[in-house]
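Presented below is the structure to which this report refers.
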Amino acid sequence: MSAESLRAAIRDVVDFPKPGIVFKDITPILADGELFRESISLLCATTGGAKIDKVVGIDARGFIFAAAVADRLGAGFVPIRKKGKLPWKTRQTAYSLEYGESIVELHEDAVKPGESILLVDDLLATGGTAAAAVKLLDELGAKLVGISFVIELGFLGGRAKLAPHPVSAILAY
Ligand code: AMP
């Protein structure tokens, strides 16, 4: 079992959700017990053994990986959600999408200053989503140990938006 087994399972869906986008469908990884476990092991390894207090996952596929990583590391799980979904007091930030803007939110008491955080999402594209998440975590005084993805679309250059935080991806395209 290796990262390449994960690559073989990822399904490219052309023109989804709109023309010109090749969507990386990770559901075949989730549906296979061994592949899913391997993806979580490889994400956990990106911490290099650093102590993590909380794993923060990004709405929605990021939740799946982040929650499993949190359980494996013995850490808490914190969701960053799209606007209007979190019930308590939130901190929010807007970010640009290909067309227009979106807003993500975090409960203002979800992360305490100085807590060691691993941020997880399924895929790094332009980096706008993860950069918005980093902004919220920075505002709360989190110690961001790393940002880990299953997939990085390197040709979009998203990693540059996340500097100086350490970025890891299991699979690069
Ligand atoms: P970005 O903000 O451009 O880095 O986009 C990253 C977010 O959009 C992640 O939460 C991904 O789940 C999703 N995303 C963007 N592009 C793709 C793609 N080609 N395949 C699957 N998910 C994508």
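Start at 1 and go down the list; that is how both ligands and their atoms are numbered.
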#### Entry: Arg37 side, atom CZ; Asp32 side, atom CG - distance, nearest 0.5 Å
10.0 Å

### Query
What's the spacing between Arg72 CZ and Ile52 CD1 if we round to 0.5 Å?
14.5 Å

If you count the atoms of ligand 1 from 1 in the order shown, which ones are under 4.0 Å from a heavy atom of [X]?
X: Arg61; value: 11 (C), 12 (O), 13 (C), 22 (N)
X: Lys24; value: 18 (C), 20 (N), 21 (C)
X: Asp121; value: 9 (C), 10 (O)
X: Thr129; value: 1 (P), 2 (O), 5 (O), 6 (C), 7 (C)
X: Asp122; value: 9 (C), 10 (O), 11 (C), 12 (O)

#### Entry: Side chains of Ile21 and Lys18 in contact at under 4.5 Å (non-hydrogen atoms)
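Yes, at least one pair of side-chain atoms sits under 4.5 Å.
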
### Val167 and Phe149, any side-chain heavy atoms less than 4.5 Å apart
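Counting from C-beta outward, Phe149 and Val167 do come under 4.5 Å.
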
### Message
Test side chain to side chain donor-acceptor pair (under 3.5 Å) on Thr93 and Lys135; report intermediate values, then the result.
### Response
CA-CA 8 Å; Thr93 191; Lys135 182 164 179 273; 3.1 Å; yes

### Task
Check each heavy atom of Val22 against ligand 1 and say whether those closer than 4.0 Å belong to the side chain, the backbone, both or neither.
backbone

### Query
Any luck finding a side-chain donor-acceptor pair between Ser168 and Thr46 under 3.5 Å?
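Result is no, nothing qualifies.
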
### Query
Does ligand 1 have an atom under 4.0 Å from some heavy atom of Gly158?
no

### Query
Does even one non-hydrogen atom of Ile58 get within less than 4.0 Å of ligand 1?
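So Ile58 does not count as touching ligand 1.
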
### Task
Just jot down the side chain to side chain donor-acceptor pair (under 3.5 Å) partners of Lys161, sequence neighbours excluded, or say none.
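Counting only residues at least two positions away or on another chain, Lys161 forms no side chain to side chain donor-acceptor pair (under 3.5 Å).
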
Just distances here: any N/O of [X] and N/O of ligand 1 closer than 3.5 Å?
X: Leu124; value: no
X: Ala125; value: yes
X: Thr126; value: yes

#### Entry: Residue, atom name and distance, where the atom is the protein heavy atom closest to atom 4 (O) of ligand 1
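In this structure, atom 4 (O) of ligand 1 has Gly127 N, 2.7 Å as its nearest protein heavy atom.
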
## Note on the structure
Residue, atom and distance of the protein heavy atom nearest atom 23 (C) of ligand 1 read Leu123 CD2, 3.6 Å

### Query
So, for atom 8 (O) of ligand 1, does the protein have a heavy atom nearer than 4.0 Å?
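So far as the 4.0 Å threshold goes, atom 8 (O) of ligand 1 is out of reach of every protein heavy atom.
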
### Query
Got a sec: does the NZ of Lys85 have more than 12 other heavy atoms crowding it under 6.0 Å?
no

### Task
Please answer whether the main-chain N or O of Ala110 pairs with a side-chain N or O of Lys54 as donor and acceptor at a distance below 3.5 Å.
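Yes: the side chain of Lys54 pairs with the backbone of Ala110.
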
